[in-house]
Number of protein chains: 2
Amino acid sequence: MVNQAESILKSSALSITSSRKKILDVFLSASTALAHQDIEKLADQYDRVTIYRTLQTFLDRGIIHTIPTTDNTIKYALCSDDCISSGHHHDNHVHFLCDQCGRTLCLDDVMIPAITLPNGYSMKEINMVVNGICKLCRA
Amino acid sequence: MVNQAESILKSSALSITSSRKKILDVFLSASTALAHQDIEKLADQYDRVTIYRTLQTFLDRGIIHTIPTTDNTIKYALCSDDCISSGHHHDNHVHFLCDQCGRTLCLDDVMIPAITLPNGYSMKEINMVVNGICKLCRA
DNA sequence: AGTATTTTGCAACAAAGTTGCATTCTACAG
DNA sequence: CTGTAGAATGCAACTTTGTTGCAAAATACT
Ligand SMILES: [Mn+2]
Ligand SMILES: [Mn+2]
Ligand SMILES: [Zn+2]
Ligand SMILES: [Zn+2]
């Protein structure tokens, strides 16, 4: 495949534009989840509004997912392949926030355990976020 | 006990002021977690800045806790009694966000299950948030 | 009651997010 | 390969959210 970003856009039936490619490239080369501000800096040739709208589009198509954090900053990360291809989004891994370096990580190997809700409640989505010290900061 | 709000303030060694009492009363009579904006409306005789500072004070003392949400709005809720009295905060129950009515609830009876992190990661705090339809909306 | 200390309100500001609209770009038909 | 409809973008203006410094007011304590 010549261009990974383009192929993601194609399989989501999105038109291929330079800003979308750039923002996808930013995600593809990032090792962590990104805040809106991170993306603004890494794709600073594009307008802030365009980034807002592009992220929303990617969320709608299930290309990226959000990670809720305790400090009122949303982080965004690429969905894994099967997450994208399966039509609707189902993110079932735990997320980790390092209190020291501030990085947010998808722990793709750590599944969210099942829980039992009280009677009358139905679950659509579940998120598990762990704060602590990451591998790199620990070393 | 004459006044629950006052007694909470006293046991946290905070001076008793009318805004703190009012904001505590708002929490005490709320059945759900509250956004900052909710509190602004329910205690609208006080300045927005005072509410920011009061919530921060309550967080510092472990009187309230935050609930991270997927839509970038922090919700605040009273901590349970043992949560307050034990000195430092340890919130170990699941939170529920209703996609229909928008309410955020502490599921005090649903404990967060344990997970195993990859080698090198240490856990300080854990949050579990479930989205779905709540009991009241289901009925 | 008097006073040191804390808390509050206000103003000014900074940052984050939204909206309408004119311009530019993309996909696609012909 | 063009022409064009529709989509995406940039810009400006705006709203909302959160922060800071400081003077005035309130609280706790002597
Ligand atoms: Mn993830
Ligand atoms: Mn709670
Ligand atoms: Zn770290
Ligand atoms: Zn509901």
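Residue numbers start from 1 in every chain, and the chains themselves are labelled A, B, ... in the order their sequence lines are given, proteins ahead of strands.
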Could you give the side-chain donor-acceptor pairs of residues 33-40 of chain B under 3.5 Å, partners two or more places apart or in another chain?
from: H36(B); atom 1: ND1; to: E40(B); atom 2: OE2; distance (Å): 3.0
from: D38(B); atom 1: OD2; to: A35(B); atom 2: N; distance (Å): 2.7

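Rounding to whole angstrom units, CD of residue Q56(B) and C1' of dT6(C) are separated by 17 Å. Atom C1' of nucleotide dT9(D) and atom NZ of K21(A) are separated by 15 Å, given to the nearest angstrom. Rounded to a whole Å, the CG atom of D71(B) is 12 Å from the P atom of dT17(D). In this entry the distance linking CG of D60(B) with P of dT7(C) reads 11 Å, nearest Å. Regarding Y76(B), its OH atom lies at a distance of 12 Å from the P atom of dT17(D), rounded to whole Å. Taking atom CD1 on I51(A) and atom P on dC11(D), their separation rounds to 12 Å, with Å as the unit. Computed from coordinates, the K10(A) NZ to dT26(C) P distance equals 13 Å when rounded to whole Å. Regarding D47(A), its CG atom lies at a distance of 16 Å from the C1' atom of dC25(C), rounded to whole Å.
Scanning for side-chain contact (heavy atoms from CB on, under 4.5 Å) contacts around K124(A) gives D99(B), with sequence neighbours left out. Under the rule for a ring-ring contact (aromatic ring centres under 6.0 Å, His included), the partners of Y121(A) that lie at least two apart in sequence or sit in another chain are F96(B). Scanning for ring-ring contact (aromatic ring centres under 6.0 Å, His included) contacts around H93(B) gives H65(B), H95(B), with sequence neighbours left out. Considering only residues two or more places apart in sequence or on other chains, F27(A) meets the ring-ring contact (aromatic ring centres under 6.0 Å, His included) condition with none of them. Residues passing the side-chain contact (heavy atoms from CB on, under 4.5 Å) test with I74(B), sequence neighbours excluded: N72(A), T66(B), Y76(B). Taking the ring-ring contact (aromatic ring centres under 6.0 Å, His included) definition, one finds that F58(A) meets it with nothing, sequence neighbours left out. Take K21(B) and apply the salt bridge (Lys or Arg N to Asp or Glu O under 4.0 Å) test, not counting sequence neighbours, and it matches E6(B).
Axis angle between the ends of the helix from dA1(C)-dT30(D) to dG30(C)-dC1(D), five pairs each and rounded to 10 degrees, works out to 30°.
Pairs passing the side-chain hydrogen bond (donor to acceptor under 3.5 Å, both in side chains) check and including a residue from residues 48-58 of chain B, sequence neighbours excluded, read Q56(B)-D60(B).
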Contact list (N/O, under 3.5 angstrom) for nucleotides 5-8 of chain D vs protein:
from: dA8(D); atom 1: OP1; to: R20(A); atom 2: NH1; distance (Å): 3.2
from: dA8(D); atom 1: OP1; to: R20(A); atom 2: NH2; distance (Å): 2.8
from: dA8(D); atom 1: O5'; to: R20(A); atom 2: NH2; distance (Å): 3.4

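Looking at heavy atoms from C-beta onward, L24(B) lies in side-chain contact with L9(B) at the 4.5 angstrom threshold. Annotation: side chain of K135(A) is not in contact with side chain of L105(A) (no heavy-atom distance under 4.5 Å).
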Let me have a per-nucleotide readout for nucleotides 16-24 of chain C, 5' to 3', with B, S or -, counting only protein heavy atoms under 4.0 Å.
-> SBBBB----

